[in-house]
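Below is one structure, written out as structure tokens; comments come after it.
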Number of protein chains: 2
Amino acid sequence: MASSRDHVPRRAPTAHDVAALAGVSQSAVSRCFTPGASISEETRQRVQAAAEQLGYRPNLIARSLIKRRSTIVGVVIPGLQNPFYAAMLEALSADLATAGYRILLFNAPARDTPDPVLDEMLNYRVDALILVSSSLSSGLADECQKIGLPVVQLNRTTERSTVSSVVGDNRGGAEALARFLLACEHERFAFIAGLETSSTGKAREAAFLGTLGAAGKPVARGVANYVFEEAEAVARQMLGGAEPPDAIFCASDHMAIAALGVARTEFGLAVGRDISIVGFDDIQMAAWPQISLTTFRQPVRAMSSRAVAIIEAQLQGTRTGLSEVVPGDLVIRGSTRMPSHGVVDLGYERVWRPS
Amino acid sequence: MASSRDHVPRRAPTAHDVAALAGVSQSAVSRCFTPGASISEETRQRVQAAAEQLGYRPNLIARSLIKRRSTIVGVVIPGLQNPFYAAMLEALSADLATAGYRILLFNAPARDTPDPVLDEMLNYRVDALILVSSSLSSGLADECQKIGLPVVQLNRTTERSTVSSVVGDNRGGAEALARFLLACEHERFAFIAGLETSSTGKAREAAFLGTLGAAGKPVARGVANYVFEEAEAVARQMLGGAEPPDAIFCASDHMAIAALGVARTEFGLAVGRDISIVGFDDIQMAAWPQISLTTFRQPVRAMSSRAVAIIEAQLQGTRTGLSEVVPGDLVIRGSTRMPSHGVVDLGYERVWRPS
DNA sequence: TTGAAAGCGCTAACAA
DNA sequence: TTGTTAGCGCTTTCAA
């Protein structure tokens, strides 16, 4: 049997312990670990040696308590199974790290106001909150504003003046897709919606229907809640119907890929000829050769860095309730016909930019 | 100009403020927010009312300091662009939330010992550390053990006795894939490796080469560092060579899908007849009809929950350095030929279980 | 440059 | 059941 002494969990050494060993005051130890502090080279050496010997590491929890800054940002984000969110989290992680922040993560299915969760985050005294595809209740929004906590919604708009938001160009993108499909000379249109409650989804739908309506085209509609399997089911039902659509716009790439699979493998359709299918986001997989999905890009990196920039601005000054729209491109791939005008070849990809 | 008074960020109310308003002691307020504490119904009401009025929320930072428990677990995880890691993070998030923990996230490219990062996490006094596909330096491992901090490596093995680990069945899986490809009567084998330094990758490669070697089959080899584009390049080069392989094992699904795309779209191969391509992980996309990749499954949910269970066990007792292998299945899809024996149809999927 | 002392907001004995 | 009293580990005046 191994010596049980090996397993005794000692408490971590404190600045006090280091001070005692180095023969200095505890505040000297603190100064040694504070960048701009006034401390002699000799003391610093002594302290550093003692700290090393003991394996001392400054307790950031204690520091946060005193400084009233945790350098932690709370990030609330839904379904990482959707590559769009995974990419967004990766971007946020990089941008926040650069700005000197850590992420306290909460990953949960998209809901409108995950209040109990947010309560938790606020109790941890995060320095700011980033809500991806979800929004704040008015009570919580007021509270955040009262204590000066920056909040930015990513991929959701809000009418609350105290909450900032960053979104892709939902209106412009959906309108472009509608015009693009018209340019491809399609006749029977369909839209597969995500969540009924999503401001983002509603904006895309309104712009798509509006543009098509102005051209005198009706649009069939289904709802798939941003769920892959539900999108398959909706597509299956649409394509199996009496007057199947020859152009489908799915509110996200993830759903569009589901529809694509159904059209190709279950209905044997030549996607890009018989039928065009488009999505929204431009996730990584949209560019895979087996997928090759035409879609409107939401520039994840740009959206993330704008969100972080807004937080930093809000943490400095007093400006609040900023709202930004990040523009994107309509990327043309193999899942659609090629229109006769507006196609611009950038070399590594084709985009649609009608005059 | 709006009244500047609107923007004054007041400090958040403390238990002290609540106590003053409610006319009780500060400790009464504390008790009111401590589940099992002894407090009269009347006081609790008064405190609750005051707390509500002020918008009080207990400061968990202060609580952590005193309790020496943060209820935060540090998670270090690489490339969320790889759906395997995104799924793993989602699973960890769910399991840790159930166990009452929050996640302090660090997302960075896979390296062996991201020490500066880990330093940070330890300074935040996380209650435990989960390292996905990366490992601890011996110095840090010792330190963690000294202060009784549970560490578990997920998807990496270790020889350090103080660090626990949870991995999929890398040996068994790679061996099964080798035997499977032999049963499919392939002749010219190739292996596309991930990172040369990954214990997981090495185990897969050794088992694959070993099994094939025992059958007298040589194996061509390339390295793609788990990067999609690199895998495409390696596949392109292999398939364009003099004696192209008719069976390729990629160390991850992500790379296998890259190879699949090249084989299908660039070389016009009938994958599943001319050539078989297999991966490892069974990510969501492997089941997409356009992909349909035969692969060995790493059960993400099971791995995550084992990791969390180990942490909880380690937090309770003294057991340390546990090491678990979570079994998986070889899932047969369209990217391979169908062997003449061992195929078991489960209804929703086919797996390979030779007698 | 240094140390002493007073907290940051809370929990946990200990008395009352 | 309550209030009083020490701290948790650190930063930050303030004197020395």
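Numbers restart at 1 for each chain; the letters A, B, ... are given by sequence-line order, proteins then strands. The figures here come from the full heavy-atom set of this structure, side chains too, leaving out hydrogens, waters and symmetry mates.
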With side-chain hydrogen bond (donor to acceptor under 3.5 Å, both in side chains) as the test, would you mind laying out the steps for A:Asn155 and A:Ser133 before giving the verdict? CA-CA 5 Å; A:Asn155 203 34; A:Ser133 291; 3.1 Å; yes
Exercise for the section: Walk me through it: do B:Asp142 and B:Arg160 pass the test salt bridge (charged side-chain N to carboxylate O under 4.0 Å, His left out)? Expected result: CA-CA 9 Å; B:Asp142 289 351; B:Arg160 287 184 229 302; over 6 Å; no
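By the side chain to side chain donor-acceptor pair (under 3.5 Å) test, A:Ser164 pairs with A:Gln314, sequence neighbours left out. Residues forming a ring-ring contact (aromatic ring centres under 6.0 Å, His included) with A:Tyr226 (at least two apart in sequence, or on another chain): none. For the salt bridge (charged side-chain N to carboxylate O under 4.0 Å, His left out) test, residues two or more places apart in sequence or in another chain that qualify with B:Arg306 are B:Glu324.
With no hydrogens or angles considered, a side-chain donor-acceptor pair links A:Glu41 and A:Gln45 at under 3.5 Å. In summary, the side chains of B:Tyr124 and A:Thr71 do present a donor paired with an acceptor at a separation below 3.5 Å, with no hydrogens or angles considered.
In this structure, the helix from C:dT1-D:dA16 to C:dA16-D:dT1 shows an angle of 40° between the axis at its start and the axis at its end, each fitted on 5 base pairs and rounded to 10°.
As a whole-Å value, the separation of B:Glu41 CD from D:dT2 P is 10 Å. At whole-Å resolution of the value, CD1 in B:Ile61 and P in D:dC10 are 14 Å apart.
Put simply, the side chain of B:Ser27 never gets that close to the backbone of B:Ser30: no donor and acceptor are under 3.5 Å apart.
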In 5'-to-3' order, the base (B), backbone-only (S) or no-contact (-) status of each nucleotide in nucleotides 7-16 of chain C, using a 4.0 angstrom heavy-atom cut-off, is BBBBBBB---
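For the pair A:Thr158/A:Leu136, no side-chain contact is recorded, criterion being any heavy-atom separation below 4.5 Å from C-beta on.
Residues from residues 42-55 of chain A lying near DNA chain C, meaning a heavy-atom separation below 4.0 Å, are A:Thr43 in numerical order.
Put simply, B:Ser38 has a side-chain N or O that comes within less than 4.0 Å of OP1 or OP2 on D:dT1.
Atom-to-atom distance recorded for A:Leu104:CG and A:Tyr101:OH is 14.5 Å, nearest 0.5 angstrom.
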